[in-house]
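Reviewing the structure listed below.
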Amino acid sequence: MRLNAYLARAGVASRRKSGELVKAGRVRVNGEPGQLNTFVEPGDVVELDGQRLEPEPLVYVLLHKPAGAVTTARDPHGRPTVVGLVGHERRVVPVGRLDADTTGALLLTNDGPLAHRLMHPRYEVDKVYEAEVEGEPNDEALARLAEGVELEDGLTAPARVQRLGRSRIEGTIHEGKKHQVKRMLEAVGHPVRRLHRREYACLTLEGLAPGEWRELTEDEVHALRRA
Ligand code: URA
């Protein structure tokens with residue numbers, strides 16, 4: 001891992017500020033002055049101002065996001081945030097976002113590279129949503145959702161869609177455009193009343209009430225890395 005990423009992981013500062021510390025000559029790797037392009041390997045000794053650093057352990061948290069919480073670390077309007085709800089001693093950040101009124105599965109982590117990968121549509125991480133909508137979507141509406149819907153920022157990728165009730169549908173998508181599910185349903189004439197993310201990749205909310213969270217198991221972390 002690059003030296004600035006290592007410093008950020010160790011909780012020293014953001015990557016950018018860590019880069020400044022490196023440029024200022026305050027960081028040594030195995031006794032040598034660190035450079036911006038220095039790569040840190042397991043077993044390397046990294047020191048800041050002569051103090052040895054240990055990288056922060058990686059943590060992965062699954063939150064059952066309740067309605068009303070915002071997917072940020074801080075909210076200027078004083079609403080509860082997902083980071084505050086988790087209150088983890090490590091600096092975790094949400095992977096992607098759910099709207100304030102959306103409930104469901106939200107992953108938070110301090111593993112920046114994995115978070116980045118999971119958010120990239122190329123990796124096609126499945127997200128399963130349950131939506132309660134206005135009206136009763138017919139087969140044609142479901143077929144349009146499944147094929148892909150033209151939104152102002154482009155055509156959505158094909159989705160897996162099924163009816164759960166007259167006004168309830170389940171949709172599995174792997175993209176993460178802003179308000180995507182709501183905009184897709186609006187585009188086929190059925191605005192969303194309630195939206196819930198039941199699954200994120202291999203993670204389900206089993207055993208978690210709204211507002212509760214848990215750390216992922218090692219198997220789950222490996223599964224995410226393979227996703
Ligand atoms: N799509 C939406 O429209 N909202 C969400 O919160 C998540 C996906």
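Whatever order the structure lists them in is the order used to number ligands and atoms, beginning at 1.
Interface atoms of ligand 1 facing K182, defined by a heavy-atom separation under 4.0 Å, are 2 (C), 3 (O). Atoms of ligand 1 lying under 4.0 Å from any heavy atom of H179, numbered from 1 in the order shown and given with element: 1 (N), 2 (C), 3 (O).
Taking 4.0 Å as the cut-off between side-chain N and carboxylate O, R166 and E136 count as a salt-bridged pair. Ion pairing between a basic and an acidic side chain is recognised when a charged N comes within 4.0 Å of a carboxylate O; E215 and R90 show no such pairing. In this structure, K178 does not pair ionically with D153, as no charged nitrogen and carboxylate oxygen lie closer than 4.0 Å.
Considering both main-chain and side-chain atoms, Y129 never comes within under 3.5 Å of ligand 1 through any nitrogen or oxygen pair. Between L98 and ligand 1, no N or O atom pair is found at a separation short of 3.5 Å. Of the N or O atoms in R183, none lie within a sub-3.5 Å distance of an N or O in ligand 1.
Within the 4.5 Å cutoff, the side chain of N110 has no heavy atoms near those of the R91 side chain. Side-chain contact between D126 and H174 is present, with at least one heavy-atom pair separated by less than 4.5 Å.
With a 4.0 Å cut-off on non-hydrogen atoms, T102 touches ligand 1 through its side chain and not its backbone. When heavy-atom distances to ligand 1 are checked against a 4.0 Å cut-off, V192 has no atom that comes that close, whether in backbone or side chain.
Of all the listed residues (D99, D101, I173, T103), D99 holds the heavy atom that lies closest to atom 5 (C) of ligand 1.
What sits closest to atom 1 (N) of ligand 1 on the protein, heavy atoms only, is V181 N, 3.1 Å.
Y200 and I173 end up in different hydrophobic clusters when Ile, Leu, Val, Met, Phe, Trp and Tyr side chains are linked at under 4.5 Å.
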Begin from the C-alpha positions of E140 and R144 and carry the test salt bridge (charged side-chain N to carboxylate O under 4.0 Å, His left out) through to its verdict. CA-CA 6 Å; E140 192 199 322; R144 279 184 65 200; 5.6 Å; no
